[in-house]
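What follows is one structure encoded as structure tokens, with my remarks underneath.
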Amino acid sequence: MAISTIPGFPRIGRHRELKWALEGFWGGKRTEQELNETAAALRAEHRAIQRAAGIDLLPVNDFSFYDQVLDASVLVGAVPARYGWGGGQIDADTCFAMARGRAKDRPVAALDMTKWFDTNYHYLVPELTADQAFSVSSDKPIAELAEAAADGVTAKVALIGPVSYLLLARPAGDAFDVFALLDRLLPVYETVVERLVAGGAAWIQFDESAFTYDRTADEIALLDRAFQRLAAVKGSARLAIHTAYGHLGDAFPAIAALPVDAIGLDLVHGRKNLDLLETHGLPAGKELVAGIVDGRNIWVNDLDASLTLLEQLAAKVGNDRLQVSSSSSLLHTPYDVRLETALDPELTPWLAFAEQKLAEIALLTRGLNEGRAAIAAELADRAAVLAARTSSSLRRNAAVQERLAAEKVEEAGRQSPYAVRRDRQQERLNLPPLPTTTIGSFPQTGEVRRARRDFDKGDLDVAAYEQFLEGLTRDIIRLQEEIGLDVLVHGEFERNDMVQYFGEQLDGFAFTQNGWVQSYGSRCVRPPVIFGDVSRPAPMTVRWATFAQGLTAKPVKGMLTGPVTILNWSFVRDDQPRSETCRQIALAIRDEVADLDAAGIAAIQIDEPALREGLPLRRSEWDAYLEWAVACFRASASGARDETQIHTHMCYSDFGDIIDAISALDADVISIENARSDNALLETFRSHGYDKAIGPGVFDIHSPRVAPVCEMVGNVEASLEVLDAGQLWVNPDCGLKTRKPDEAHDSLIAMVEAARQVRERIAAHSAR
Ligand code: GLN
Ligand code: ZN
């Protein structure tokens, strides 16, 4: 008999109960006990949901207050010295200090946060030293196992695998020897396994997804070393390797051969795993956890095709060696489509959120065990839904199709080369050396959010809301003039979110009411659903751009989100390549650029903070992605005349390895995160050079701290060591949305003063 399982379930709560509990606790409005009660209730509810759906083997310890990688650091006692942990069990305060900065009310740097594979989830990067010691420092997995066992659940305890844990970590200080650390880490994992076995764990699942990235033979060899030892202490429990987000590539044979009882493969985002399985097979006695229901997207499964594939797999490995699963943890999907009451009724049946996916997994398992006939009605229903989707007019827009066929996105670009554009733009804008600007948003205060909420609820009418926004915009323009910035922004007060704001105005997008997905910690996002061809029925930003420009003689940047970022932060349709959807968005953005240009806006910024994060996990696939992503950006910028300055902005990642693609965007000016990563970017310019205008951020906008002028001067001077004064801009790392008004104000005053001092220094220097 095949069984049904999942690697993990969402944990934030159907109504984001965990978010409210966490934020209440952090704000001192809830006790730790209340927080724990909410968490226990959520876990119980999640078990009940999974059992009711017919899932046989339930994940345990997939719950987390913040992040499962942070939990792994806590489990093994990897706490950097600055948190002042003195050994023993790690308490909630220390754990949250690592996540959020602040320990016992004293500010302390949080662990670095970075993207979890190519998802929009962020994990806390373990910070390990070369002499790192490990010890079992939490009983969370054991306690959650006991809780599930008391509930009568057959449990699969989810842990981050020891090798992936080390591969996902970063050295603090000197580079560490992963091999040496593994030998120190394994005894801790052995103890945890022994305790879980004693606690009655049926299965223990080790997430070794780090092997969906390119890995060296040495790294792959670590797996055998680790799992030989863990297998030796597994007692009555069975061990499973879980991998998700891609295929295993060269690591496949080694992973298949590990002394474990089951191997989990992503068969949706790692289709190539099927070929690898075909070539290398699965050793006798080992079970296959077939990740066949997409854990990352929200479309219903093609049950017929999945069942066919499962039948083929069963023919190969045997029915009782199959576990039917989702391709990844369901963490990346919202809870329940049934909570969506405002969607187009034609669209709703196309969607499956986490709870619907559980039902799909259980159904496929039943089809496999009892035969197709047992689920014939469901298969027929699903076939009808898919057929309806295929033929739906929601999906296709003939005008978009015609336009894409006629206009070659790949060939689009600006009229003249950069040098020509630069001179025309300077003639028009007449900017001083080292021009100062910001990234776009100004603080979104409680007042702004409240007004937006009232407007959304209908308590505030359009006229009153617009009047309110006009007031804020007017104030922020005046403020920027007073501070002495050279290129202004309108502040983005009218925007809820940089993708949602555009998606709501584009055709082909739908928005959920409750489709929340955890981004990090208590933060959730509600990604738009791109279900059909994308087009722009009317201008989206011209009204606010021209209003703001009308208030000042200084240039105000038009502010747009780029096509690649809109794509990467949405649930994307699965019935055509991502590149095709991106091309459609690019054309819509180009229309907007052209309209802004025609309205007299002299500088237009097209933000692409998510360009880097869309990179495929495998290097061999980078070029293909970058090619179409860059082409889409260029196509959207091509709506501007030469004398109109195109800016772009990037943040959240290291850009060193894609600097050529960034240059190929051909943006006239790029503002890029730099201060937060300690000028690391500058090394890239030193070795690679850069030929267009660029503003490496001079202060970190994530911190409430106002950096002193001298520090910002230092950052500008550091940039000048590798870039020309003629190409350098002075700006923050990113938008000021999350800062308090005072912090933003003081930081910008310091920034403008820093630019002034450096200009003076340069002028004095060249006068000599
Ligand atoms: N223009 C946006 C802002 O300033 C850019 C945000 C981002 O890069 N994430 O808020
Ligand atoms: Zn940014």
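In listed order, ligands and their atoms are each counted from 1.
- Ranking the protein heavy atoms by distance from atom 4 (O) of ligand 1 puts Ser441 N, 2.9 Å first.
- Using a 4.0 Å cut-off to heavy atoms of Ile439, the atoms of ligand 1 that qualify are 1 (N), 4 (O).
- Atoms of ligand 1 lying under 4.0 Å from any heavy atom of Gly440, numbered from 1 in the order shown and given with element: 4 (O).
- In this structure, Arg523 places its CZ atom where only 12 or fewer heavy-atom neighbours from other residues, nucleotides or ligands lie under 6.0 Å away.
- Between Arg543 and Glu466 there is a salt bridge, since at least one side-chain N of the basic residue sits less than 4.0 Å from a carboxylate O of the acidic one.
- Nearest non-hydrogen protein atom to atom 6 (C) of ligand 1 is Met498 SD, 3.5 Å.
- At a 4.0 Å heavy-atom cut-off, ligand 1 does not touch Met650 at all.
- Note: Trp729 and His647 have perpendicular aromatic rings, judged against thresholds of 30 and 60 degrees for the angle between ring planes.
- Contact check on Asp497 versus Arg526 returns no salt bridge, with no Lys/Arg side-chain nitrogen under 4.0 Å from an Asp/Glu carboxylate oxygen.
- A cation-pi contact links Lys692 to Tyr690, judged by a cut-off of 6.0 Å to the six-membered ring centre and 45° from its axis.
- Counting atoms of ligand 1 from 1 in the listed order, those under 4.0 Å from a heavy atom of Cys651 are 8 (O).
- Checked against a 3.5 angstrom limit, the closest N/O atoms of His649 and ligand 1 fall inside it.
- Checked by atom type, the side-chain pair Arg578/Asn568 shows a donor-acceptor distance below 3.5 Å.
- Any protein N/O/S atom under 2.8 Å from the Zn ion (ligand 2) was counted, giving 3 altogether.
- At a threshold of 4.0 Å, the pair Lys115-Glu613 counts as salt-bridged, since one of the basic side-chain nitrogens sits closer than that to a carboxylate oxygen.
- Residue Asp642 is tested with Arg421, Arg422, Arg424 for a salt bridge (Lys or Arg N to Asp or Glu O under 4.0 Å); the sole match is Arg424.
- Taking the six-membered ring where the residue is Trp, Tyr213 and Phe117 present parallel rings, their angle staying beneath 30° rather than reaching 60°.
- Closest to atom 5 (C) of ligand 1 among all protein heavy atoms lies Asp607 OD2, 3.4 Å.
- Ligand-side atoms of ligand 1 in range of Gly735: 3 (C), 4 (O), 10 (O), range being under 4.0 angstrom from any heavy atom.
- The pair Arg478-Glu481 fails the salt-bridge criterion, with no side-chain N (NZ, NE, NH1 or NH2) lying under 4.0 Å from an Asp/Glu carboxylate O.
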